[in-house]
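Okay, so here's the structure we're looking at.
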Amino acid sequence: MSVIYVLITISIIVALVFLYAFVKAVKQGQFDDTYTPSVRMLFEDETKKAETNPKTENQ
Amino acid sequence: MNTQNCYHCGLGIEKKDEVLFDDKHFCCLGCKTVYEIFSLNGLTDYYTFEKAPGATPQETNGKFDFLDNEGIVTRLLEFQEETTHIVSLYIPHIHCSSCIWILENLNRLCKGVRSSQVNFYEKKARIVFNPQEVTLKEIVLLLCAIGYEPYISLENYDAKKPPVSRELIYKLGVAFFCFGNVMLLSFPEYFEVEEYWLDNYRGFFRWLIFALALPSFLYSASGYYVSAYKSLRAGMLNIDVPIALGLVVMFVRSTVDIVFDLGQGFFDSLCGLVFFMLLGRLFQQKTYNFLSFERDFKSYFPIAVTKISNQAEASIPVYEVAVGDRLLIRNNELIPVDGILMSPEARIDYSFVTGESEPITRQSGNKIYAGGKYMGRMMEMEVLHTVSQSYLTQLWGNEVFSKTDKKDYKTLTDTISRYFTPVLLTIAFVSLAIWLFIDVHTAFNVFTAVLIVACPCALALSAPFTLGNILRIMGSRKLYLKNATVVERMAKADTIVFDKTGTITTNNKSEILYEGDFIDEKELAFIKSLLRGSNHPLSRRLYEHLPTANLFLVDDFKEVTGGGVQGYVHGFFIQIGSAKFVGADEENSLQTAVHVSFNRNWMGKYVFSNQYRTGLSTLFKELAKTHELKILSGDNKGERNVLQKLLPKGTELVFNQKPEQKLAYIEALQKRGKNVIMVGDGLNDAGALAQSNVGISVSENVNVFSPACDGILDATQFRKMGYFIKLSKNAVLTIKMSFTLSLLYNVVGLSFAVMGLLSPLFAAIIMPLSTVTIVSFVTLMSNYFARRSG
């Protein structure tokens with residue numbers, strides 16, 4: 001069997017994996033709200049900072 | 001730091017109410033309390049994302065007592081298990097990243113809350129909590145305490161979430177997958193090199209392309225076949241007919257080509273077409289999730305009401321209210337059912353239901369109708385009809401509300417395609433007939449090539465992209481339309497009907513004019529002192545209106561219900577109230593006025609006239625040039641003269657219209673061949689809004705309530721109505737221009753096809769090229785128009 005069959009099969013499989021990942025992401029509702037997560041991901045660090053903040057503030 | 005504005009809510013601070021805490025300035029105790037809660041829990045980062053993001057918490061006064069009723073709570077919950085409850089609450093105040101942050105950190109403010117997630121567009125917070133540690137009521141009260149009061153209405157009662165439709169996104173994903181891979185695999189063929197390597201694998205490549213095109217053809221494009229079939233059955237030729245025809249022909253021709261080894265087929269163009277057209281659909285489908293255009297009385301009505309039985313009060317769901325029940329209505333609560341007033345007297349604000357601007361007074365034993373807002377401390381009533389039998393709710397039984405959409409409307413694209421399709425078929429068959437005499441084999445090729453190249457992809461895309469873009473532009477300028485066809489319908493309208501109360505007048509704000517003898521400053525202070533004790537809405541407004549002064553003590557203060565107030569100030573006996581109460585001659589009963597007398601001598605009266613929106617007369621002058629204008633009011637004729645002065649000549653004024661009369665009025669206009677835009681606000685306009693060609697509801701706060709309509713206009717943008725209408729007309733102009741452009745492409749493509757010269761490579765170039773130019777053309781044009789006229 002020629003190598004081209006192998007290569008193309010692999011490339012199609014990779015493409016199918018991405019398609020599957022996309023379908024799964026849609027199913028999970030990742031495309032329902034496209035704004036909030038973009039804001040949320042910026043919070044992570046702030047929250048940690050806030051947890052140490054109250055002690056210094058309350059003293 | 002800005003000392004002028006409140007650190008929490010950003011409103012201006014009045015010096016006398018200013019609260020200083022933690023070196024920060026607050027406009028009231030409420031705002032300070034919220035800050036205190038946050039700072040105690042280490043959540044002051046709330047103020048770092050956005051400046052002054054908060055809202056002043058409002059008094060709840062037992063407003064949420066119905067959450068003690070387990071039956072109602074169960075109805076509101078999305079998910080229920082022993083230790084886990086999930087509830088989605090609609091919180092209108094959500095507006096910035098600080099809001100998301102604080103609500104998603106709710107678990108740090110409240111113990112039993114496990115997690116919460118905000119959907120910013122829908123303005124909803126989904127809260128997971130442990131019912132053994134915290135009740136829903138406690139959570140709701142906490143939210144109120146930090147200024148995030150949820151809005152719970154009757155609509156939430158049968159809140160079974162409608163399934164979200166994600167079909168288009170799936171289809172688009174699949175189409176893109178097919179498009180990309182087919183394009184890559186088609187590349188070797190584009191160069192048409194006669195080479196051993198290519199010859200050897202040609203079959204493999206072609207069948208792989210065939211396999212990859214299948215999902216796009218069968219699944220992604222399925223919507224077009226269904227729509228084409230439906231339109232054929234209805235005896236109409238919409239734009240989807242030639243599209244579906246083109247797609248099917250393309251597929252069959254390509255399959256034949258590769259089966260008989262005649263060529264590579266048009267699978268690449270097919271996949272590209274499907275992908276671009278779906279993209280257009282997605283673009284057109286701009287929706288405003290946080291707005292609802294389908295609202296009925298349910299989202300205005302309360303979910304529960306207080307019932308009195310055997311001297312005990314209990315919250316019961318509104319649907320369980322039975323005839324003969326005794327209900328308790330508190331201040332600012334809505335009367336949910338028709339009934340008989342049992343309290344001696346009540347003032348009820350029906351402005352939202354009938355359009356009357358002033359609250360009316362009802363005596364014990366009078367019939368009161370659902371939908372009014374009670375103003376006073378408390379009132380009791382006996383139920384006459386259940387919710388669904390009430391006068392107001394019966395309006396929704398009218399057939400205009402069962403029509404889900406204005407389906408019978410023909411879009412511009414549909415009109416064009418009615419001519420396009422027959423012409424296309426004629427060209428295809430004529431060229432087939434001619435070629436049959438010359439060369440039978442080419443005849444088949446030409447016939448299919450005509451159908452393929454004429455597939456009106458660019459034509460079908462120009463309207464969605466233009467309208468989608470206009471929809472977005474209008475949305476950013478605060479006119480939110482339900483869908484893209486509304487833009488077209490708006491452009492077509494020739495008559496605009498306005499409601500009066502709440503639409504061309506602002507709510508709650510009235511201009512107050514004094515007529516009568518001169519009153520000096522000291523006397524004004526006397527009046528203000530006397531008014532201070534009264535809770536009557538007119539007194540409150542007049543009190544706010546009068547200049548600040550040092551107030552005096554009032555002796556023998558007395559409030560006569562239905563009359564006015566009286567008392568001794570500084571030795572003067574002052575009466576303020578209705579003409580009869582004060583002893584004045586009743587000249588104009590249509591005016592809303594408060595009369596004043598000193599020592600039983602009539603001094604003058606304060607006339608409350610409606611406050612019209614700014615820019616109203618300029619707007620009307622502008623609109624009158626192109627449209628017929630009408631005012632349709634549920635209110636009395638009191639304002640006729642003022643309106644006539646304000647509005648251009650020829651504006652028809654109709655008063656005392658009941659909701660169903662408004663509907664009939666619009667219907668009559670339409671029977672005369674008019675295309676009507678109805679601009680209204682309240683429940684009383686709901687029928688007219690549904691009946692009109694375009695119903696636009698004006699709303700002071702777009703998040704709260706507006707009746708079912710085609711568009712919601714933020715009240716601050718009211719004077720821009722003219723701009724929006726002009727923009728919609730320009731949108732239609734843009735579509736027409738791009739139609740010409742895309743027809744030009746079709747002519748070029750067709751001339752190649754008819755001559756039998758259409759190669760797959762040529763098709764693969766001209767089709768995306770036409771699509772891209774059309775899309776960029778309409779986007780640029782609509783943006784240009786939006787900027788130029790605005």
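Labels below follow one simple rule: chain letters A, B, ... track the order of the sequence lines, proteins then strands, and each chain is numbered from 1.
Taking NZ of B:Lys32 as the start and NZ of B:Lys24 as the end, the distance is 13.5 Å to the nearest 0.5 Å.
Of the possible donor and acceptor atoms, one in the side chain of B:His95 sits under 3.5 Å from a partner among the backbone N and O of B:His93.
Residue A:Ile8 touches chain B through its side chain alone, counting heavy-atom pairs closer than 4.5 Å. A:Val39 touches chain B through its side chain: at least one heavy atom from C-beta onward sits under 4.5 Å away, while N, CA, C and O do not.
Contacts between residues 210-223 of chain B and chain A, counted as heavy-atom pairs separated by less than 4.5 Å, involve B:Leu212.
B:Tyr46 has its ring centre no less than 6.0 Å from the ring centre of B:Tyr35. Taking the six-membered ring for Trp, B:Phe177 and A:Tyr20 have ring centres at least 6.0 Å apart.
By number of non-hydrogen pairs under 4.5 angstrom with chain A, the leading residue of B:Leu208, B:Val118, B:Asn181 is B:Val118.
Surrounding CZ of B:Phe204 are more than 12 heavy atoms belonging to other residues, nucleotides or ligands, all under 6.0 Å away.
Residues passing the salt bridge (charged side-chain N to carboxylate O under 4.0 Å, His left out) test with B:Arg206, sequence neighbours excluded: B:Glu189, B:Asp261.
With a 4.5 Å cut-off on side-chain heavy atoms, B:Phe38 and B:Leu109 count as touching.
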